[in-house]
Novice: 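The structure is given below, and queries will be raised subsequently.
The chains referred to below are lettered A, B, ... by the order of the sequence lines, with proteins before strands, and numbering in each begins at 1.
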Amino acid sequence: MEQVLDWYQENKRALPWRNTSPWGVLVSEFMLQQTPVQRVLPQWHRWMELWPTPADLAAASLSDALREWGRLGYPRRAKRLHQCAQVIVTDHGGEVPASLNELRALPGIGEYTAAAIRAFAFKESEVVLDINIRRLYARCWSGIATPTNAPNNSERELAKNLIPVGDDGRWAAATMELGALICKARTPLCSHCPLADICTWRALGYPQSEVEKRTSAQWQGSDRQCRGVIMNALRAAPEVKRQELTKLWGNQSQYEKAIASLLDDGLIEKRGSNYALAR
DNA sequence: AAGGCGGGGTG
DNA sequence: CACCCAGCCTT
C-alpha cells in the first residue's frame, strides 16, 4: 500500500498534535472523541498552554478543566481527562504510559484511543480503528458504503493484515487522513483517491448502482467485514482454496455467505476448485 | 448488543 | 431537516 503512504506524505494536514509530546497526543485524542478536528484546534492549544504536562492538569481544579473545555460537547470527557492526569501522576510517575494495557486502564481511554496513542505518540504499529479508517476499509476492501456501529473481530483481522511490515504508526495516520479528506462519509472524492483502482466499492459501481444499494442493505452485523477479509486474501495470492478461505476467521457460515455474495456480485470467481479475484 | 451522552457544521 | 464527527461507558 505504498500509494497510500505516498499520498499521505504529499497531502497531510499540518495538525499540531502530529509532532508533540505523548501528553499532547493524549489530550488531542480525548478532545477528538466524536468532535471534528477544526473545532478541537483552538481548545487544544489553550489546554496545552495552561497544562503542558499531566502534573499541571492534575493540580488544577475540575471546575477549571470543565470551564476550559468550553463548548466541545460531551463534558464527561473533560472530567475523565482530569482524572486520567491524576492517575498518570500517582501511578505512572507523571509520564503517559506506553503499553496497551496500561493505557486501556486509564479513565476515558478505550480500544481506539489506546491504539491511537501508541501509534501517534510512541510510533508503534497498531490496529487503529476510528470512523475514518473503518469507512475506508469498509468501502475499499469490503465493498460496503458504511461501517457497522462498532468494530468486530473480522474487521480487526482485516485491519491487522493490511498494516505494512515494519510500520511505525504512519499507516494509521495515513489511512485516517485518507478517510477524513478523500473517502468522506457524504461526498467521497474518488477521483483524487490513491486507492480508486483497487476499491471494491467502486468496482460495485458506486455511487448509485442497484448492486451497491442491495449490498449495503443486505449485509448487517458481524458478517459484513468477512467480505473484506476474503478480498484481502485473494489480493495476496492468485488462487486460494476454499478450505483456506474458511479458516481465515471464526465462524464458517459467515464465510459461506460472504463467498456466495462476492460470487454473486461478480467480484470473485471459481477457478477449478479454487477461488480468485474476478478478471 | 443497545442506548446515552453535546454541540455545531453541512448537504 | 437528518446526518456527521480520530468514542467511551453503563445497562
Novice: Nearest whole Å is fine: how far is C/dA6 P from A/Lys184 NZ?
Specialist: 11 Å

Novice: Looking for any heavy atom pair under 4.0 Å, which part of the strands does A/Arg39 touch: base, sugar-phosphate only, or nothing?
Specialist: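 The answer is base, as A/Arg39 lies within the cut-off (heavy atoms under 4.0 Å) of a base atom.
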
Novice: Students often get this wrong, so: under 4.0 angstrom with heavy atoms, is A/Trp17 touching a base, only sugar-phosphate, or nothing?
Specialist: base

Novice: For the NZ atom on A/Lys12, are there more than 12 heavy atoms of other groups (residues, nucleotides or ligands in this structure) within a distance under 6.0 Å?
Specialist: yes

Novice: Would you measure the distance from the C1' atom in B/dG11 across to the matching atom in C/dA6 and give it in whole Å?
Specialist: 22 Å

Novice: What do you reckon, is NE2 of A/His192 surrounded by more than 12 foreign heavy atoms closer than 6.0 Å?
Specialist: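 No.
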
Novice: Side chain of A/Ile131: nearest nucleotide among C/dC8, C/dC5, B/dG8?
Specialist: C/dC5

Novice: Taking the C1' atom of each, how far is B/dG6 from C/dC4, in whole Å?
Specialist: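 Nearest-Å result for B/dG6 against C/dC4 at atom C1': 13 Å.
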
Novice: Starting at atom CZ of A/Arg135, determine the distance to atom C1' of C/dC4, rounded to an integer number of angstrom.
Specialist: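 A/Arg135 atom CZ is separated from C/dC4 atom C1' by 9 Å.
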
Novice: Contact class for A/Glu111 vs. all strands (heavy atom < 4.0 Å): base, sugar-phosphate, or nothing?
Specialist: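 Result for A/Glu111 = sugar-phosphate.
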
Novice: Any Lys/Arg nitrogen of A/Asp197 or A/Arg202 sitting under 4.0 Å from an Asp/Glu carboxylate oxygen of the other?
Specialist: no

Novice: Nearest of C/dG7, C/dA6, C/dC4 to any side-chain atom of A/Ala185?
Specialist: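 Output: C/dC4.
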
Novice: Tell me whether A/Glu111 is salt-bridged to A/Arg156, with the criterion being a basic N under 4.0 Å from an acidic carboxylate O.
Specialist: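 Looking at A/Arg156 together with A/Glu111, the answer is yes, because their closest N to O distance falls below 4.0 Å.
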
Novice: For atom P, what is the distance between C/dC8 and B/dG9, given to the nearest Å?
Specialist: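 So the two P atoms sit 24 Å from each other.
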
Novice: In whole angstrom, give the distance that lies between atom CG of A/Asn149 and atom C1' of C/dC4.
Specialist: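 For the pair A/Asn149 CG and C/dC4 C1', the rounded distance is 14 Å.
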
Novice: Does C/dG7 have its OP1 or OP2 closer than 4.0 Å to a side-chain nitrogen or oxygen of A/Gln34?
Specialist: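 For C/dG7, OP1 or OP2 has a side-chain N or O of A/Gln34 closer than 4.0 Å.
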
Novice: Name the closest nucleotide to the A/Arg77 side chain, picking from B/dG6, C/dA6, B/dG7.
Specialist: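 Of the options given, the side chain of A/Arg77 lies nearest B/dG6.
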
Novice: Rounded to the nearest Å, what distance is computed from the CZ atom of residue A/Arg104 to the P atom of nucleotide C/dG7?
Specialist: 15 Å

Novice: Around atom CD of A/Glu95, are there more than 12 heavy atoms of other residues, nucleotides or ligands at under 6.0 Å?
Specialist: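 No.
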
Novice: Could you tell me how far apart A/Tyr74 (OH) and C/dC5 (P) are, to the nearest whole angstrom?
Specialist: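 Distance check: A/Tyr74 OH to C/dC5 P gives 13 Å.
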
Novice: Quick one: is A/Arg80 getting a side-chain N or O under 4.0 Å of the C/dC9 phosphate, OP1 or OP2?
Specialist: no

Novice: Starting at CH2 of A/Trp171 and ending at P of C/dA6, how long is that distance when rounded to a whole Å?
Specialist: 18 Å

Novice: Can you figure out which of B/dG8, B/dG6, B/dC5 approaches the side chain of A/Arg76 most closely?
Specialist: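 When the side chain of A/Arg76 is considered, B/dC5 is the closest of B/dG8, B/dG6, B/dC5.
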
Novice: Between the base of B/dG6 and the side chain of A/Thr35, is one N or O donor paired with an acceptor at under 3.5 angstrom?
Specialist: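 Yes.
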
Novice: By the 4.0 Å heavy-atom rule, please label A/Ala116 as base, sugar-phosphate, or nothing.
Specialist: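 Here A/Ala116 touches no strand at all.
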
Novice: Looking only at the side chain of A/Pro75 (C-beta and beyond, no hydrogens), which of the listed nucleotides C/dC8, B/dG6, C/dA6 gets closest?
Specialist: B/dG6

Novice: Students often get this wrong, so: under 4.0 angstrom with heavy atoms, is A/Thr113 touching a base, only sugar-phosphate, or nothing?
Specialist: sugar-phosphate

Novice: What does A/Val128 touch in the nucleic acid at a heavy-atom separation under 4.0 angstrom: a base, only the sugar-phosphate, or nothing?
Specialist: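 Since no nucleic acid heavy atom lies under 4.0 Å of A/Val128, the category is nothing.
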
Novice: Which whole-number value in Å describes the distance from A/Met31 CE to C/dC8 C1'?
Specialist: 17 Å

Novice: Under 4.0 angstrom, heavy atoms only, what part of the nucleic acid is A/Leu72 near: base, sugar-phosphate, or nothing?
Specialist: base

Novice: Closer than 4.0 angstrom, basic N to acidic O: yes or no for A/Arg271 and A/Glu269?
Specialist: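 Looking at A/Arg271 and A/Glu269, the cut-off is met.
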
Novice: Can you check the A/Phe30 CZ to C/dG7 C1' distance for me, whole Å?
Specialist: 11 Å

Novice: Remember a base hit wins even if backbone is also touched, and classify A/Leu81 as base, sugar-phosphate or nothing at under 4.0 Å, heavy atoms.
Specialist: nothing

Novice: Salt bridge or not between A/Glu155 and A/Arg134? Use side-chain N to carboxylate O under 4.0 Å.
Specialist: yes

